[in-house]
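Being a predicted model, the structure only gives us computed values, none of them experimental.
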Amino acid sequence: MTMRMKLDFVLIVMGLVAASVSAEPDEASGMVIAVESGDIFSVQIDKADPRTGSEVEVVKLADVSLQPVESAEGKAAKEFAEALLMNRTVWLDIDDRSGGGRDSFGRLLCVVYLEEPDGGINLTHPFNKILVEAGHAEVGDFEDDEFDPTDWWPAWVVINEVEAN
């Protein structure tokens, strides 16, 4: 493989990685005003989407499984979610595959991203992933939604050979 072909390949791969990371979850946003459990909470909608109202929406995290809120593990997950989410702006990537972006209980099914203090969105660590990494949830890739939890852990591109020419 020539140096030019190697460079073209690396640029294509980097472009694909950048494109997958730059897809912003800008469908809706709002402030978390109540936490029911580690994966269910209420959001006062600031930026609406056609699938949301302009009031309060109940959000269910997509593709995570938690212990019941009555259990010690469930209580710990709820406390963790309260500590990270209460009175904080979140951005919602609403499921496009389910009816109106909702689960069977009428809750918005979402991957949730935290807003940074500077107003940016933390695209590398959705709250769904944070809950799993903190040990409060397990990944549950449910086939009836659009999301793929493996996207929460991006593949790394490793360049293991550089040829000077």
Side-chain angles (χ1 to χ4, degrees), residues 15-71 73-155:
L16 290 172
V17 170
S20 68
V21 171
S22 67
E24 286 198 17
D26 59 357
E27 294 172 327
S29 68
M31 182 168 295
V32 176
I33 58 170
V35 175
E36 183 178 322
S37 66
D39 63 342
I40 302 171
F41 46 90
S42 298
V43 176
Q44 175 68 52
I45 300 295
D46 293 326
K47 179 182 182 240
D49 179 88
R51 296 165 290 183
T52 69
S54 58
E55 299 295 321
V56 175
E57 288 283 358
V58 177
V59 172
K60 166 77 170 85
L61 296 179
D63 290 337
V64 294
S65 297
L66 282 77
Q67 294 296 320
V69 73
E70 300 81 25
S71 69
E73 295 88 354
K75 288 177 185 171
K78 178 181 178 183
E79 290 172 5
F80 181 80
E82 285 176 330
L84 263 75
L85 297 176
M86 279 301 295
N87 301 314
R88 188 160 182 192
T89 299
V90 294
W91 288 84
L92 309 175
D93 184 358
I94 303 168
D95 181 35
D96 292 329
R97 196 179 291 170
S98 59
R102 297 178 186 276
D103 68 5
S104 59
F105 296 101
R107 304 172 295 207
L108 286 176
L109 189 59
C110 302
V111 173
V112 174
Y113 296 85
L114 304 176
E115 186 171 276
E116 298 287 358
D118 66 1
I121 305 170
N122 183 342
L123 296 174
T124 60
H125 287 80
F127 185 69
N128 310 51
K129 174 183 176 180
I130 293 170
L131 205 57
V132 170
E133 288 183 339
H136 294 293
E138 293 181 3
V139 172
D141 188 9
F142 305 113
E143 297 297 320
D144 52 348
D145 67 38
E146 72 167 297
F147 305 111
D148 181 357
T150 59
D151 292 342
W152 303 341
W153 288 272

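Of all non-hydrogen atoms in Glu27 and Asp49, the two that sit nearest each other are O-CB, 3.1 Å. Val64 and Asn128 get closest at one heavy-atom pair: CG1-O, 3.8 Å. Considering all non-hydrogen atoms of both residues, Asn122 and Tyr113 come closest at O-CD2, 3.3 Å. Residue Gly53 comes nearest to Ile45 through the heavy atom pair O-CG2, 3.7 Å, listed as atom of the first residue, atom of the second, then distance. Across every non-hydrogen atom of Leu66 and Ala77, the tightest pair is CD2-CB, 3.6 Å.
Scored by the ring-ring contact (aromatic ring centres under 6.0 Å, His included) test, Phe147 finds no partners at all (sequence neighbours excluded).
Arg102 places a side-chain heavy atom less than 4.5 Å from the side chain of Glu57. Looking at heavy atoms from C-beta onward, Cys110 lies in side-chain contact with Ile94 at the 4.5 angstrom threshold. You'll find the side chain of Ile130 reaches within 4.5 Å of the side chain of Leu114, heavy atoms only. Residues Trp152 and Val111 have side chains in contact (heavy-atom distance under 4.5 Å, counting atoms from C-beta outward).
One finds the CG atom of Leu84 at 13.0 Å from the CD atom of Glu79 (value rounded to the nearest 0.5 Å). Note that the CZ atom of Arg107 and the OG atom of Ser42 stand 11.0 Å from one another [nearest 0.5 Å]. Separation of atoms CG (Leu61) and CG (Leu108) is listed at 11.5 Å; rounding is to 0.5 Å. Between Leu109 atom CG and Asp93 atom CG the span is 10.0 Å, to the nearest 0.5 Å. Note that CZ of Arg51 is 5.0 Å distant from CG of Asp96, once rounded to the nearest 0.5 Å. Rounded to the nearest 0.5 angstrom, Leu131 CG and Glu138 CD are separated by 11.0 Å.
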Please step through salt bridge (Lys or Arg N to Asp or Glu O under 4.0 Å) for the pair Asp151 and Lys129, ending with a clear verdict. CA-CA 10 Å; Asp151 292 342; Lys129 174 183 176 180; over 6 Å; no
Please report the C-alpha distance between Val112 and Leu92 in whole Å, then the side-chain angles of each, then the deciding distance to 0.1 Å, and finally whether the side-chain contact (heavy atoms from CB on, under 4.5 Å) criterion is met. CA-CA 5 Å; Val112 174; Leu92 309 175; 3.8 Å; yes
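By the 30° and 60° cut-offs, the orientation of the rings of His136 relative to Phe80 is tilted.
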Cut-off 3.5 Å, no hydrogens considered: what does the side-chain donor-acceptor table look like for residues 28-40, sequence neighbours left out?
{"from": "Ser37", "atom 1": "OG", "to": "Asp39", "atom 2": "OD1", "distance (Å)": "2.9"}
{"from": "Ser37", "atom 1": "OG", "to": "Ile40", "atom 2": "N", "distance (Å)": "3.4"}
{"from": "Asp39", "atom 1": "OD2", "to": "Lys60", "atom 2": "NZ", "distance (Å)": "2.7"}

